[in-house]
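The following block contains the structure, expressed as structure tokens.
Start at 1 and go down the list; that is how both ligands and their atoms are numbered. Because the structure is a prediction, the values reported are computed rather than measured.
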Amino acid sequence: MDIRTGLGYDIHRLKEGNHLLLGGVLVPSTVAIDAHSDGDIVLHALSQAIFSSLGLEDIGTYFPDNLQSTLNLDSKKILSLALEKMNEKGYQLGNVAVAVILQRPKIKDYKGLIKTSLSHLLSLDEDRIAVHANTKEGVGEVGEGKALEVLAEVLIKKD
Ligand SMILES: [Zn+2]
């Protein structure tokens, strides 16, 4: 069996707003993600982890953030391309781990919804998906609530 892992990371600034889009789920909030695309940072980090596992380039290579064509881009399209490339190479997902690092709002009550949403988007059982939330203990820009970060890790396999 051929097994690979991939690592993804993303950070976005936060601005005034009324919701966060995390893994396809709208989370009520007094801040929103500042982005050229729709700003779904979970899907960005996850897509990058899949590209990473395949030895491919980062998502900025496929979806430059300075083009009119990627303005307000539906991040599900980024994930679709990553999954397409994974399938083309004959791999399937083993498991997925996502850590959302933000000071506020607390997303504890939304982690389950995000997991279910990712399960649908990835066609992967929920027990192969982990969605964790961390604060930055008030330290740095993320701790001050000016930005949020997401780390993602995937394992892909081919028989
Ligand atoms: Zn992003």
Side-chain angles (χ1 to χ4, degrees), residues 4-87 93 95-108 110-124 129-136 139-156:
R4 298 170 169 218
T5 64
L7 173 70
Y9 168 79
D10 199 13
I11 181 168
H12 280 268
R13 289 175 190 280
L14 291 166
K15 59 180 183 184
E16 271 184 43
N18 49 34
H19 68 262
L20 299 174
L21 181 60
L22 297 173
V25 174
L26 282 177
V27 177
S29 169
T30 56
V31 286
I33 292 169
D34 193 2
H36 182 73
S37 69
D38 69 3
D40 195 325
I41 186 171
V42 169
L43 299 190
H44 296 175
L46 193 49
S47 301
Q48 189 142 285
I50 296 168
F51 286 132
S52 154
S53 68
L54 297 167
L56 296 173
E57 294 301 318
D58 50 53
I59 63 172
T61 305
Y62 300 105
F63 298 93
D65 66 1
N66 55 1
L67 298 181
Q68 195 61 29
S69 60
T70 55
L71 187 63
N72 300 320
L73 176 75
D74 181 349
S75 297
K76 293 189 182 90
K77 289 185 181 156
I78 302 174
L79 184 63
S80 293
L81 179 70
L83 292 171
E84 197 180 301
K85 293 202 175 282
M86 182 185 77
N87 292 331
L93 284 168
N95 72 301
V96 166
V98 170
V100 182
I101 305 152
L102 85 169
Q103 203 64 31
R104 68 185 79 82
K106 296 282 182 242
I107 61 163
K108 182 165 57 79
Y110 294 89
K111 290 190 296 182
L113 289 172
I114 295 169
K115 184 190 272 205
T116 302
S117 173
L118 292 180
S119 172
H120 289 134
L121 292 171
L122 298 168
S123 303
L124 189 66
I129 300 170
V131 177
H132 294 177
N134 298 79
T135 72
K136 205 109 178 190
V139 176
E141 275 87 5
V142 173
E144 289 165 13
K146 292 179 186 163
L148 82 167
E149 294 173 309
V150 173
L151 294 167
E153 187 174 40
V154 300
L155 183 144
I156 62 171

What pairs of residues pass the ring-ring contact (aromatic ring centres under 6.0 Å, His included) test when at least one of them lies in residues 20-50, not counting sequence neighbours? H12-H44
So which pairs with a foot in residues 47-58 pass side-chain hydrogen bond (donor to acceptor under 3.5 Å, both in side chains), sequence neighbours left out? D58-T61
Looking at NZ of K146 and CG of L14, how far apart are the two atoms once the value is rounded to the nearest 0.5 Å? 11.5 Å
Under 2.8 Å from the Zn ion (ligand 1), how many protein N, O or S atoms can be found? 3
Sequence neighbours excluded, which residues qualify as ring pair (Phe, Tyr, Trp, His ring centres under 6.0 Å) partners of Y62? F51
Does any part of the side chain of L46, heavy atoms only, come nearer than 4.5 Å to the side chain of V154, both counted from C-beta? yes
Check G23 against D40 and note the closest heavy-atom contact, atom names and distance. N-OD1, 2.7 Å
